[in-house]
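It should be emphasised that the depicted structure is a prediction, and the values quoted were computed from it without experimental measurement. Atoms considered below: every heavy atom in the structure, side chains included; atoms not considered: hydrogens, waters and symmetry mates. Letters A, B, ... mirror the listed sequences (proteins, then strands); counts begin at 1.
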2 protein chains.
Amino acid sequence: MGTTQLETAPEPKYWHLRTVLSEALDSEFAVGEILPNERELAARFGVARATLRQALEQLELEGRLQRRRGVGTTVAPPRVGVAVDPARHTWPGAPGDDWQPQDATATETVPAAVARILETAPGDRVHIVRRSRVTGGQPVAAELLYVPSVLVPGSTAVASLSAPARARAVLNALQERELDGQDRTVELGSARAEDARQLDRLPGAPVLVVTTRYVSAGRPAAVAVATYRADTCRLTFGESDAVAVLAG
Amino acid sequence: MGTTQLETAPEPKYWHLRTVLSEALDSEFAVGEILPNERELAARFGVARATLRQALEQLELEGRLQRRRGVGTTVAPPRVGVAVDPARHTWPGAPGDDWQPQDATATETVPAAVARILETAPGDRVHIVRRSRVTGGQPVAAELLYVPSVLVPGSTAVASLSAPARARAVLNALQERELDGQDRTVELGSARAEDARQLDRLPGAPVLVVTTRYVSAGRPAAVAVATYRADTCRLTFGESDAVAVLAG
DNA sequence: CAGTGGTCTAGACCACATT
DNA sequence: ATGTGGTCTAGACCACTGG
């Protein structure tokens, strides 16, 4: 504040507010500190609460703030660097990966986008493994892994196991095969109800959707759709040794 | 509409609306088609315009809709697959890449995050190259490339050239060196004023920020910060031949 | 010019976490 | 019970696009 502005093209209030708050966060607040509540902040800046909230939303999207209903708004720590492909050319569920198997089910109806990537025909049976990824005590990602049942021997016996054991059984079946390669896409999405619960967020929260296709014997053998919390995560790629600096 | 709901856990109106609209988009609208205006839609669903807008925002975030002030809301085409690293192990500006050099300037003040990655000391002179990426006639990304001036011979003569020529001069200087490797992070951000203009969006629009570090002779030689339109882009990674399917 | 989406207001009530 | 952020309303005006 205090800088006289020429106002050639009037800036929206919420955008200006975002900038002011962002600078205040840099200089006057420590990580984890609780901000004044929204009604108080709105009054202090002389704007409606809705306008103030628009600015806070921006800052939350940028990972600067964390808001929790019933609690308050706190200054967020820097985003966590999450390696998307820690060990290249391994199947999901390989020893030492950061994912925790939760459950596995079988179905014949998969999302159209997944069926297209897997190159399955309508009616083909597919195993779905649900996994979650935890870093530093916080859940950062939820994943659905789709594997054609053709690739999972003994599918019938699997049903009698506990949920995590069922998931591991499917993952173990993959390790037996040779992995030709994998490719990936990253896009922005919004958390579905189930993912939101798992990520400790509200439905619609912004997530980074990482879709990985695993190829074996020249054909797609599995598709993983992982949703990472966009507010708290920075995805890292690249040579394993070089990545350390960026992951900071 | 018309479905009686049990309302076990009351769903927010805007979220339900998002679902209803999403299904309507799948079944009743074609790509490019113009939706009724917001006041009309709000009235039709019996909600306030703000609530309707909240649902539209979600759908725009997911790349289903495109809204333009003064024009209307249209059904968006599927997201474009954009290869982030088409040719591995090449410098930015290598022959055949998809970026158009726009300008280059020199400065001694770079963002703290960039200085940390580049391992430059305060006061070190750095060249900044601005480039843009266009796919299918639409701008999809804007990039700032930071190169320590130490690596750019003849920095003084450069000033007399045209803007794009200055940019190319810096890029050409890079090609001379050996590239050891590169690593990358992807995170969610919001478009700054300048990027927003370049991407034909409003300030604050969601973007995928791709930060690439180029290593030469064991030291970071350049850092590229590219902001992709999150609503229209799907970033693709991986083996060049395998990526074709996902990029669809 | 009329019509669109974008911004902003001043309220109200709800869901949730903490005390 | 209190206080927080989340949802929702019914208006108003602004900025931009197009004919």
Take the protein atom [atom1] of [X] and the nucleotide atom [atom2] of [N], then report the distance between them rounded to whole Å.
{"X": "A:Arg53", "N": "D:dC8", "atom1": "CZ", "atom2": "C1'", "value": "11 Å"}
{"X": "A:Leu65", "N": "D:dG5", "atom1": "CG", "atom2": "C1'", "value": "13 Å"}
{"X": "A:Lys13", "N": "D:dC14", "atom1": "NZ", "atom2": "P", "value": "12 Å"}
{"X": "B:Arg68", "N": "C:dG6", "atom1": "CZ", "atom2": "C1'", "value": "15 Å"}
{"X": "A:Gln54", "N": "C:dT9", "atom1": "CD", "atom2": "C1'", "value": "12 Å"}
{"X": "A:Leu52", "N": "D:dG6", "atom1": "CG", "atom2": "P", "value": "12 Å"}
{"X": "A:Arg69", "N": "C:dC16", "atom1": "CZ", "atom2": "C1'", "value": "6 Å"}
{"X": "A:Leu41", "N": "D:dG6", "atom1": "CG", "atom2": "P", "value": "13 Å"}

[N] phosphate, OP1 or OP2, under 4.0 Å from [X] side-chain N/O:
{"X": "B:Arg67", "N": "C:dT4", "result": "no"}
{"X": "A:Thr73", "N": "D:dG5", "result": "yes"}
{"X": "B:Tyr14", "N": "D:dT7", "result": "yes"}
{"X": "B:Asn37", "N": "C:dG3", "result": "no"}

| said: Taking donor-acceptor contacts at under 3.5 Å, does the side chain of A:Arg39 reach the base of D:dG3? | reply: no

| message | Does B:Arg49, at its CZ atom, have more than 12 non-hydrogen atoms belonging to other residues, nucleotides or ligands within less than 6.0 Å? | response | yes

| Heavy atoms of other groups near A:Asp200 CG, more than 12 under 6.0 Å | no

| Candidate list B:Val80, B:Thr135, B:Asp98, B:Val134, test side chain to side chain contact (heavy atoms under 4.5 Å, CB included), partner B:Val140, passing option | B:Thr135

| field | Any donor-acceptor pair under 3.5 Å from A:Arg130 side chain to A:Gln102 backbone | value | no

| task | Scan B:Gln54, B:Gln58, B:Glu62, B:Glu23 and name whichever one has a side-chain hydrogen bond (donor to acceptor under 3.5 Å, both in side chains) with B:Arg18. | result |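 Single pass found, and it is B:Glu62.
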
| task | Select from A:Ala50 and A:Val71 the residue whose nearest nucleotide in DNA chain C is closer to the 5' end of that strand. | result | A:Ala50

| query | With a 4.0 Å cut-off on heavy atoms, is B:Leu56 in touch with a base, just the backbone sugar-phosphate, or nothing at all? | reply |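 The answer is nothing, as B:Leu56 stays clear of every strand by at least 4.0 Å.
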
| message | What contact category does B:Arg49 fall into here, base, sugar-phosphate, or nothing, at under 4.0 angstrom with non-hydrogen atoms? | response |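 Here B:Arg49 touches the bases of the nucleic acid.
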
